[in-house]
Amino acid sequence: PSVGSFIQIIRDDSIPYRKVLENKAFYILFPILLLYVLFIYKSKKKRDREVAETNTLVNEKIRLNLEVEERNKELSEIKQSLNDAQEAITDLKTQHLSESREITSRFLAFLSKKLEFTPNERISLYMLISVDSNKDEQDFLHIFGRYSVNVNYNKTNRLRFPKDEGVIGRAFVNSDTNTSTIHLSGNDAEYLKETKALGINMEVARRFNMQSRSFYPYMITKNLGDRIGVLLCESTTVNEQFDLSEINRILDEHDSIVLE
């Protein structure tokens with residue numbers, strides 16, 4: 001019997017199933033049918049497994065993405081908190097400096113009176129300090145206080161100065177301290193040239209509200225002689241002869257107050 005006759009037997013309900021079993025084609029097709037069913041089953045199981053693995057990977061990716069977003073959010077909040085804290089610290093330092101400048105200026109007024117300074121003189125304190133930890137300010141001197149009987153000379157246009165600029169810069173690099181005065185020319189043209197030699201732009205020097213001609217920089221040190229500041233006595237008088245011994249005596253008496 002042929003395969004076609006076997007199929008005809010299956011379709012013919014009038015034919016007993018015994019004849020189906022007697023048909024040799026049945027024994028050929030039945031294993032093939034079983035293998036096909038097994039193939040379909042395994043394929044479905046494999047497909048279901050792959051779908052499950054894919055879903056697991058997708059879910060894991062979603063979970064990781066959510067975790068990353070959460071961590072980024074936490075890091076952003078921490079960073080913002082650190083920035084807020086840094087700004088608060090800077091504000092406190094700035095507020096403290098403002099209060100310290102006011103207190104220091106009162107102390108400088110006391111020194112000015114003790115030194116019998118006239119409206120031609122001024123006394124200022126410059127210190128090496130750091131206001132913002134995000135910036136390297138170790139190369140700058142910050143003005144910490146200023147006083148003159150002449151209120152026009154009390155104005156402060158800049159709050160910090162390079163420590164290698166101007167008279168205070170020369171004082172910082174000079175090996176001799178607290179022993180001599182510095183004089184600039186009374187001639188305006190020569191004065192501008194001399195200020196330029198000190199590292200000050202001539203246009204800036206022209207705008208100085210106090211164009212001093214005589215200076216005495218008193219170096220402030222601590223520990224093993226580390227220079228931390230300059231107390232600058234200055235005068236608009238040409239060749240003003242400061243009484244250095246008296247200035248040193250008074251400043252040495254109050255040196256601890258300046259260091260505080």
Side-chain angles (χ1 to χ4, degrees), residues 86-115 117 121-151 153-182 195 198-200 204-205 208-210 212 214-235 242 244 247-260:
Q86 184 59 52
E87 288 178 5
I89 291 171
T90 301
D91 289 342
L92 287 173
K93 284 184 177 181
T94 303
Q95 181 181 352
H96 174 69
L97 284 176
S98 179
E99 294 172 353
S100 297
R101 289 189 185 102
E102 184 178 347
I103 295 171
T104 303
S105 294
R106 289 202 293 266
F107 171 66
L108 295 180
F110 163 76
L111 291 180
S112 177
K113 185 176 181 179
K114 290 271 288 185
L115 295 168
F117 276 1
E121 281 82 55
R122 180 172 73 182
I123 184 169
S124 305
L125 177 63
Y126 302 86
M127 299 291 288
L128 279 175
I129 57 174
S130 177
V131 177
D132 188 343
S133 61
N134 291 328
K135 298 178 182 177
D136 182 10
E137 297 191 332
Q138 296 306 308
D139 291 330
F140 289 92
L141 284 159
H142 292 253
I143 188 160
F144 220 69
R146 170 169 285 173
Y147 180 78
S148 173
V149 177
N150 187 335
V151 293
Y153 293 160
N154 288 330
K155 297 176 181 177
T156 304
N157 295 321
R158 289 192 295 169
L159 295 179
R160 70 177 193 173
F161 305 80
K163 68 180 182 182
D164 58 354
E165 179 183 287
V167 172
I168 54 176
R170 176 180 289 185
F172 252 87
V173 300
N174 197 335
S175 58
D176 297 325
T177 59
N178 309 341
T179 58
S180 61
T181 55
I182 298 172
T195 55
L198 291 171
I200 301 173
V204 173
F208 283 162
N209 67 325
M210 182 178 181
S212 301
S214 303
F215 305 84
Y216 175 56
Y218 177 89
M219 189 63 57
I220 300 169
T221 60
K222 69 173 184 178
N223 300 332
L224 299 176
D226 294 336
R227 300 178 180 191
I228 61 170
V230 178
L231 198 150
L232 183 67
C233 302
E234 55 189 311
S235 174
F242 292 109
L244 303 190
I247 291 176
N248 286 349
R249 184 188 68 79
I250 293 175
L251 293 180
D252 287 343
E253 285 180 1
H254 301 88
D255 188 65
S256 60
I257 298 177
V258 176
L259 286 175
E260 289 176 4

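Fair warning: this is a prediction, and the values are worked out from it, not measured in the lab.
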Using the test salt bridge (charged side-chain N to carboxylate O under 4.0 Å, His left out), find all partners of R170 that sit at least two apart in sequence or belong to another chain. none
For E165 and R158 the tightest heavy-atom approach is OE2-NH2, 3.2 Å
Please tell me whether F161 and Y126 form a close aromatic pair, meaning their ring centres lie under 6.0 Å apart. yes
Among all residues two or more places apart in sequence or in another chain, which pass the side chain to side chain contact (heavy atoms under 4.5 Å, CB included) test with S148? R122, N150, Y153, N154
Determine whether L232 and F215 make a side-chain contact, defined as any pair of heavy atoms from C-beta on separated by less than 4.5 Å. yes
Given D164, I168, I182, V167, the one that forms side-chain contact (heavy atoms from CB on, under 4.5 Å) with L198: V167
Which heavy-atom pair separates G145 from T104 by the least distance, and what is that distance? CA-CG2, 4.0 Å
Is there side-chain contact between R227 and I220, with at least one heavy-atom pair below 4.5 Å? no
Grab the two heavy atoms, one from L141 and one from G229, that are nearest each other, plus how far apart they are. CD2-CA, 4.3 Å
In terms of heavy-atom contacts, A109 and Y147 come closest through CA-CD2, 3.4 Å
Nearest non-hydrogen partners of I123 and S112, listed with the distance: CG2-CB, 4.3 Å
How many angstroms lie between NE2 in H142 and CG in L125, if you round to the nearest 0.5 Å? 12.5 Å
Would you find a donor on one side and an acceptor on the other, under 3.5 Å apart, between the side chain of R146 and the backbone of L108? no
Within the structure provided, determine whether S235 and F117 are in side-chain contact (heavy-atom separation under 4.5 Å). no
Heavy-atom distance under 4.5 Å between the side chains of F107 and I103, does that happen here? no
Within the structure provided, determine whether P162 and F140 are in side-chain contact (heavy-atom separation under 4.5 Å). yes
May I ask you to say whether K113 pairs ionically with E121, meaning some side-chain N is under 4.0 Å from a carboxylate O? no
Side chain to side chain contact (heavy atoms under 4.5 Å, CB included) filter on N248, not counting sequence neighbours, yields N178, Y216, Y218, D252
Testing the basics here: between L251 and L231, what is the closest heavy-atom pair and its distance to 0.1 Å? CD2-CD1, 3.9 Å
So CZ of R106 and CG of L111: to nearest 0.5 Å the spacing works out to 13.5 Å
